[in-house]
Amino acid sequence: MRRRTLLIGSVGAAALLAPHRLHAKLRIPTVGVLDIGDPATFLTTFRDAIKAHGYADGQNFRLEVRTAAGDVGRLKGLAEELAGLPVDVITAHLTPSARAAAAATKTIPIVMVGVGAPLETGLIASLSRPGGNITGTSATSAELGGKRVQLIGEILPSFKRLAILANASDPFSKPFIAEIEEAGRKLGIATDAVMLKTADDLAGAFAATEQSRADAAIAQGSLPVGPVAAMALQHRIPLVATLTSGVRGGALMTYAASQSEMFRKTAAYVEKLLKGAKPADLPVEEPTEFTLVLNLKTAKALGLSIPAAILARADEVIE
């Protein structure tokens, strides 16, 4: 009698444990996506790229996507939410997202996506040995600031003054401004840096660009693309974006590190980390591909004619 009771108890205990074992067995890796803006373009490229590494979203891994919709202040809570789920890897697009992720966890691997000056802003120890739990791609290139200023001059022959619209909440704003100011000095272009704390500052920022008689403006990538482009068009100021998505959102032009290249590289990093690689051992990669994208709809609205030579060099033209 006693033996039968013990046997039943053992079977019952096994039955109770079975669902937990089944859950553990069925658990698939989870990748957190943290984006300050719209992650749609990233997600499309990333899903395709990581599929080539044998991972299919919803089958043998899943995504947890969090976007701040342009509000830097929301990133801290969203990063903490991802870390608390928890996820196995976090991808963080642009500097504010990477900073928020770094503050939220020191153990979950973080893949930076197109982060500006990660060494100068203290996110990593070095490009070759990033240290800690962060690796990924940098969007910084010494050539970018000068090339953007030069291209504006080719489109606007009377170009004399440039407004730099920078995100006061983004640690990359300091090197971003410095790079463009240096390019301006070399090319004889006056520059005016305008710091924006929130989207509510846009009206005042563009009023300042009008007052200073800026011929064009460059906007930092972590600013809200749509509102900045709309305000630039309203004030009839040619706007240069630092991301391709900015041109699709209405800016006149961008010359930038290829987003598709960075997104594909992100998938490669994630694949290595999911298989046990340590972020500290994976060097940070700098851009090798750059794209020139023009928005002819915006050019027409501004009454600008894009020179044929620039059109011929463009990687993409939006009509």
Side-chain angles (χ1 to χ4, degrees), residues 28-67 82 87-98 101 108-119 123-124 127-128 130 133-141 143-144 147 172 221-222 225 241-249 254-293 314-316 318:
I28 60 176
T30 304
V31 176
V33 175
L34 185 63
D35 202 314
I36 190 173
D38 183 358
T41 304
F42 168 76
L43 290 172
T44 299
T45 306
F46 178 79
R47 284 190 178 105
D48 288 343
I50 203 164
K51 196 170 184 178
H53 294 284
Y55 288 91
D57 186 14
Q59 295 181 29
N60 58 351
F61 95 107
R62 68 187 183 94
L63 293 170
E64 284 285 349
V65 182
R66 301 293 185 273
T67 173
L82 287 173
V87 296
D88 298 283
V89 178
I90 296 175
T91 68
H93 190 206
L94 301 183
T95 307
S97 298
I108 298 171
I110 297 168
V111 180
M112 306 180 297
V113 186
V115 167
L119 185 59
L123 280 167
I124 58 172
L127 293 174
S128 59
N133 63 322
I134 303 176
T135 187
T137 59
S138 166
T140 305
S141 168
E143 301 173 356
L144 284 177
K147 189 66 175 179
F172 179 52
S222 57
V225 171
T242 58
L243 299 174
T244 303
S245 55
V247 184
R248 295 195 179 101
T254 189
Y255 180 76
S258 167
Q259 284 186 286
S260 60
E261 180 197 28
M262 288 188 292
F263 298 165
R264 289 193 304 270
K265 286 182 176 179
T266 300
Y269 277 109
V270 170
E271 184 260 346
K272 290 175 184 175
L273 293 168
L274 290 178
K275 289 185 175 177
K278 304 297 183 185
D281 298 331
L282 299 178
V284 172
E285 294 194 41
E286 294 184 293
T288 57
E289 296 178 17
F290 300 89
T291 55
L292 171 61
V293 184
D315 298 281
E316 182 181 351
I318 299 170

[atom2] on [Y] to [atom1] on [X], rounded to 0.5 Å:
X    : Y    : atom1 : atom2 : answer
L43  : D35  : CG    : CG    : 8.0 Å
K147 : L292 : NZ    : CG    : 8.0 Å
I50  : L63  : CD1   : CG    : 7.5 Å
L94  : M112 : CG    : CE    : 11.5 Å
Q259 : T41  : CD    : OG1   : 6.5 Å
L144 : T242 : CG    : OG1   : 9.0 Å

Passing option when S97 is tested against V113, T67, I36 for side-chain contact (heavy atoms from CB on, under 4.5 Å):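 It is I36; the other options fail the test.
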What heavy-atom pair brings [X] and [Y] nearest, and what distance separates the two atoms?
X    : Y    : value
T135 : P283 : OG1-O, 3.7 Å
I28  : Q59  : CG2-O, 3.9 Å
Y269 : G136 : OH-O, 3.0 Å
L282 : P130 : O-CG, 3.3 Å
A92  : A101 : CB-CB, 4.4 Å
I124 : L119 : O-CD1, 3.5 Å

With sequence neighbours excluded, residues passing salt bridge (Lys or Arg N to Asp or Glu O under 4.0 Å) with [X]:
X    : result
D315 : none
K265 : E261, E285
D38  : none
E64  : R62, R66

Counting C-beta onward and ignoring hydrogens, is there a side-chain heavy-atom pair between [X] and [Y] closer than 4.5 Å?
X    : Y    : result
K275 : H53  : no
P279 : L273 : yes
V225 : L243 : no

Any residue meeting ring pair (Phe, Tyr, Trp, His ring centres under 6.0 Å) with F42, in chain and number order, not counting sequence neighbours: F46, F263
Could you pull out all residues at least two apart from [X] that satisfy side chain to side chain contact (heavy atoms under 4.5 Å, CB included)?
X    : answer
A52  : none
N60  : Y55, A56
A256 : R148, T254
P29  : F61, D88, L274

Would you please name every residue forming a side chain to side chain donor-acceptor pair (under 3.5 Å) with [X], sequence neighbours left out?
X    : value
D48  : none
S222 : N167, D170
S258 : S260

Backbone N/O of G116 and side chain of T95: donor-acceptor pair under 3.5 Å: yes
